[in-house]
Amino acid sequence: MDRRYVPEPYKIKVVEPIAVTTRDERDRFIAEAGYNTFLLRSDQCTIDLLTDSGTTAMSDNQWAGMMLGDEAYAGSRNFLHLQEVVRTYYGFRHIVPTHQGRGAENLLSMIMIKPGDYVPGNMYFTTTRAHQERNGATFVDVIVDEAHDPQIELPFKGNIDLAKLERLIAEVGAGRIPYLCLAVTVNLAGGQPVSMANMRAVYRLCAAHGIKVMYDATRCIENAYFIKMREEGYAEASIAAILKEMMSYADGCTMSGKKDCLVNIGGFLCMNDDDLYQKASELVVLFEGMPSYGGLAGRDMEAMARGIVESVDYNYVHHRVTQCRYLADRLDEAGIPVVKPTGGHAVFIDAKAFLPHIPQDRFPAQTLAAELYVEAGVRAMERGIVSAGRNRETGDHHRPKLELVRLTIPRRVYTYAHLDTVAEACIALHRRRDTIRGLEMVYEPKVLRFFTARFQPLAGPTKVKARPTAQLVELAG
Ligand code: F0G
């Protein structure tokens, strides 16, 4: 194996068999699933790259911790352990456990947002924006323009454009911006990181206007790794030290522990402000549970506390991000368009460039994900027009510039040989890309439609809708 790619820094103690299926079976399974990979059964998938969320393999030490669960209704010792670990590594004073990230988003949005508010952020995430909108806020994307271009290579494509943020503050007034939500890394931009310099500048600007900064810390360890590798002055710093400095430029965070805390379930909300904590601990009782368990069993909190300690190990995160780069390199060498540079948790295929003959209304990324499943039993996820949903006012689709298929690498689960299988399937599809047709949506749920929408293949060859005559005249003129 090429030494540019580090070997796994762990050995395998428990194995789980995976499905081996025929092409005919997969044709049937995807049709039954309405051409939506979310609706496939796990035992129909050979390599499951749907998400890196909750799919982590826990360590022997975490499993040992599961046996030490203190399942008291209140004041569990595992909560006290989690609190201590979060204070040590993240540096926030208060922690409210939640069942997963969106539980924390729900609490934060309910506590801080008033109808008519604006919440700026570096590109949206589906559940985060849904909670903001549900509480009456308008989400405003203030990420740098380059983040919307899959081919521009920048070290920190997740950065906030300070000029955009200043413009928003000038337009709507700081009083209508309860907080800024800064995601580290930015999932939908391809797992792109934010630089320490940008975090510092954003925090200063917001503080000057009395606007709080709340991180979506979901993949903050991967972000810290990129800072170490790419930002001047951090090459010698430990992941733990970088993480602590990152968090010092925030007033709090939401966390999906299912990613960078290396657990299958869990999350938390953090803050320094006593008042906010008071409100959060009142509300959490309604939605999650007591403030000392927030929807989690004692054993889950113990696993998360131990996972946080493991996550700041350089060898762990170095290998993790290297696996993503390995898959991206194999695709790139074969001429497959992928988002650049490779992010921390996934490889994103540019479906618009892969299938240029399929218009966005015919869901190129959804189509490609379905085809990849049929090709080799690899389950990926659409991150394009279906995930973006509809505009609340106009009812039209949001049309994101990025129309992507996400090949998400679970933590500590697959080997390089599995990734070779994925690469070979993508290459085979790319060779026959001209034969691939689009889909039409036959069932559309109102909220977070990508989870359960159903599709069917278009009957004939894809037709681009004729432009209205007026436009044609305009173009001719
Ligand atoms: N924020 C980001 C950036 C996420 O990627 C996710 C989940 C959440 C918040 C919500 O956390 O799932 O624990 O409630 N992302 C998963 C994914 C679902 O596949 O990207 P959750």
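Computation of the quantities below employed the complete heavy-atom set of this structure, encompassing side-chain atoms and omitting hydrogens, waters and symmetry-equivalent molecules. As the structure lists them, so they are numbered: ligands from 1, and atoms in each ligand from 1. Positions are given from 1, in the same order as the sequence printed here.
Ranking protein heavy atoms by distance to atom 3 (C) of ligand 1, first place goes to D216 OD2, 3.3 Å. The protein non-hydrogen atom at the shortest distance from atom 13 (O) of ligand 1 is S256 OG, 2.6 Å. Of the protein's non-hydrogen atoms, Q100 NE2, 3.3 Å is the one closest to atom 21 (P) of ligand 1. Protein heavy atom in closest approach to atom 7 (C) of ligand 1: K259 NZ, 2.6 Å. Of the protein's heavy atoms, R102 NH2, 2.8 Å lies nearest to atom 12 (O) of ligand 1. What sits closest to atom 10 (C) of ligand 1 on the protein, heavy atoms only, is T127 OG1, 3.5 Å. Nearest non-hydrogen protein atom to atom 9 (C) of ligand 1 is E105 OE2, 3.0 Å.
For R399, the CZ atom sits in a packed shell: over 12 heavy atoms of surrounding residues, nucleotides or ligands are nearer than 6.0 Å. In the displayed structure, R392 atom CZ is contacted under 6.0 Å by more than 12 heavy atoms of other residues, nucleotides or ligands. At most 12 heavy atoms of other shown residues, nucleotides or ligands fall within 6.0 angstrom of atom CZ in R204. Other residues, nucleotides and ligands contribute more than 12 heavy atoms inside 6.0 Å of the CZ atom of R412.
On a distance-only criterion, K258 and ligand 1 share no N/O pair closer than 3.5 Å. The shortest N/O to N/O separation between F125 and ligand 1 does not fall below 3.5 Å. For ligand 1, the polar-atom distance check finds an N/O of T51 within less than 3.5 Å of one of the ligand's N/O atoms. Between D52 and ligand 1, no N or O atom pair is found at a separation short of 3.5 Å.
Put simply, part of R219 is less than 4.0 Å from ligand 1, judged by heavy atoms.
Checked for salt-bridge contact, E133 and R129 meet the test: a charged N lies under 4.0 Å from a carboxylate O. Between E310 and R411, no side-chain nitrogen of the basic residue sits less than 4.0 Å from a carboxylate oxygen of the acidic one, so the salt-bridge criterion is not met.
T55 has its side chain out of reach of V413: every pair of non-hydrogen atoms, C-beta onward, lies at least 4.5 Å apart.
Near G101, meaning under 4.0 Å from any of its heavy atoms, are these atoms of ligand 1: 11 (O), 13 (O), 14 (O), 21 (P).
Cation-pi check for R383 over F450 is met; the charged atom lies under 6.0 angstrom from the ring centroid and within 45 degrees of its normal.
Neither the backbone nor the side chain of R129 has a heavy atom within less than 4.0 Å of ligand 1.
No close placement of the Y90 and Y215 rings is indicated, their centers lying 6.0 Å or farther apart.
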